[in-house]
Amino acid sequence: MLLEQTIDQAVERIQQDSSLRPRVGVILGSGLDAFGDTLENATRISLGSLEGFPISTAPGHRGHLLFGTCAGVPVLVLQGRVHYYEGYSMAEVTMSTRLMSRLGIQTLILTNAAGGIAPSLRPGDIMMLSDHISCFVPSPLRGPNEDSFGPRFPDMTEVYSKRLRTLATEAAASIGLALPEGVYVQLSGPNFETPAEIRMLKALGADAVGMSTVCEAMVARHCGMEVAAFSFITNYAAGLSGGTISVEEVNEMSQVAGEKMVRLLTAMIPSLG
Ligand code: HPA
């Protein structure tokens, strides 16, 4: 089935299950599921029930779309994004972003866990993306253009909306949370980087490194959505701490992240309603 048909069929199916029509969407990163659990009046749709949609292969990953409200504002939340390192194509990885657009989402908030490269970033911090570096992974827009979604050659001058960044900064200040801005680079994973790669990424201007988000942000901009994105720094990037990086360390920090991200999103979302 063509991408557009798969998505339109999913939209039809989903709209039978929920009468909420949110304009705000949130994609939750690894370990950041907690926000989804705080929604009021949530309706849950399993991604596995949507024909043609990729499902996360990560153990214990949820794979849900949640319709609910946050501080009274209707939101659509994706718990269980799929990653390029799982073997899916970039078109598959970004299908739920396109689905969100077709479901009426105009403002998309992306979250992820990331390694900190900038010397000022410490594990436990949240960094707001001011920009990104996408050129180490294939573009999700490669191939025949999906004209019904957006133009062949989309502009990427301001992927992360200045308006949303101002709102997020104000929301963070209102809860006493420091919210530094920086550049995120997406690599394919699943391996963590080498110290030499981190030195290269630093020289190229990256402040944080991870395995997601950029492809979704590009597809979201292609569809005309306004985007904001936040990285939860789970570890110092390779070679910066003297130790090694383990997925256990990343997952442990993500528990702290979940709560911090809930506070930030809950403070920010009312300004989007
Ligand atoms: N590198 C890539 N992805 C990550 C990291 C990292 O150090 N930490 C969490 N996700």
Side-chain angles (χ1 to χ4, degrees), residues 26-35 56-62 78-88 90 93-94 109-138 140 160 179-218 228-262 264-265:
V26 182
I27 297 185
L28 296 172
S30 314
L32 300 171
D33 282 343
F35 176 69
S56 171
T57 60
H61 235 293
R62 308 212 207 180
L78 176 79
Q79 275 181 330
R81 65 151 55 98
V82 295
H83 296 85
Y84 186 61
Y85 63 71
E86 295 177 69
Y88 292 118
M90 279 298 188
V93 168
T94 53
I109 303 176
L110 302 165
T111 66
N112 61 53
I117 299 176
S120 56
L121 290 175
R122 294 165 174 278
D125 289 347
I126 295 181
M127 182 191 91
M128 175 159 63
L129 276 66
S130 56
D131 204 345
H132 70 221
I133 296 174
S134 74
C135 51
F136 293 101
V137 289
Y160 306 95
L179 191 61
E181 292 195 26
V183 174
Y184 174 94
V185 56
Q186 176 175 6
L187 300 194
S188 76
N191 52 283
F192 294 109
E193 301 71 34
T194 66
E197 285 162 349
I198 293 300
R199 288 194 296 276
M200 172 193 72
L201 296 171
K202 187 175 183 192
L204 294 178
D207 298 302
V209 57
M211 307 173 192
S212 68
T213 302
V214 167
C215 52
E216 293 152 348
M218 290 169 75
F230 304 102
S231 287
F232 184 82
I233 306 300
T234 51
N235 56 284
Y236 291 104
L240 300 182
S241 72
T244 56
I245 301 169
S246 71
V247 77
E248 289 76 19
E249 167 193 12
V250 168
N251 289 344
E252 205 169 294
M253 277 310 289
S254 292
Q255 299 309 315
V256 184
E259 287 160 39
K260 226 174 179 178
M261 208 58 97
V262 167
L264 175 60
L265 296 177

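We count ligands from 1, going down the list as the structure has it; atoms in each ligand are counted the same way. All residue numbers in this chain count up from 1 along the given sequence. Computation of the quantities below employed the complete heavy-atom set of this structure, encompassing side-chain atoms and omitting hydrogens, waters and symmetry-equivalent molecules.
- Those atoms of ligand 1 that come under 4.0 Å of a heavy atom in Ala113, given as number and element, are 9 (C), 10 (N).
- Atom CD of Glu259 has 12 or fewer heavy atoms from other residues, nucleotides or ligands within 6.0 Å.
- Distance from atom 5 (C) of ligand 1 to its nearest protein heavy atom, with residue and atom name: Gly115 N, 3.4 Å.
- By the side chain to side chain contact (heavy atoms under 4.5 Å, CB included) test, Ile245 pairs with Phe192, Asn235, Ala238, Glu249, Val250, sequence neighbours left out.
- Closest heavy-atom contact between Val137 and Gln186: CG1-O, 3.9 Å.
- Applying the side chain to side chain contact (heavy atoms under 4.5 Å, CB included) criterion to Glu197, with sequence neighbours excluded, gives Glu193, Thr194.
- Set against the non-hydrogen atoms of Thr234, the atoms of ligand 1 under 4.0 Å away are 8 (N), 9 (C).
- Among Val256, Ile109, Thr111, the one residue that satisfies the side-chain contact (heavy atoms from CB on, under 4.5 Å) test with Met261 is Thr111.
- If you check which protein heavy atom lies closest to atom 3 (N) of ligand 1, you get Gly210 CA, 3.4 Å.
- Atom numbering of ligand 1 starts at 1 in the shown order; those under 4.0 Å from a heavy atom of Asn235 are 5 (C), 6 (C), 7 (O), 8 (N), 9 (C).
- In the vicinity of Met211, heavy-atom distances shorter than 4.0 Å reach the ligand 1 atoms 2 (C), 3 (N).
- Within the 4.0 Å heavy-atom criterion, neither part of Ala238 lies near ligand 1.
- Among Val93, Leu28, Thr213, the single residue meeting the side-chain contact (heavy atoms from CB on, under 4.5 Å) criterion with Arg81 is Thr213.
- Listed by number with element, the atoms of ligand 1 under 4.0 Å from a non-hydrogen atom of Glu193 are 1 (N), 2 (C), 6 (C), 7 (O).
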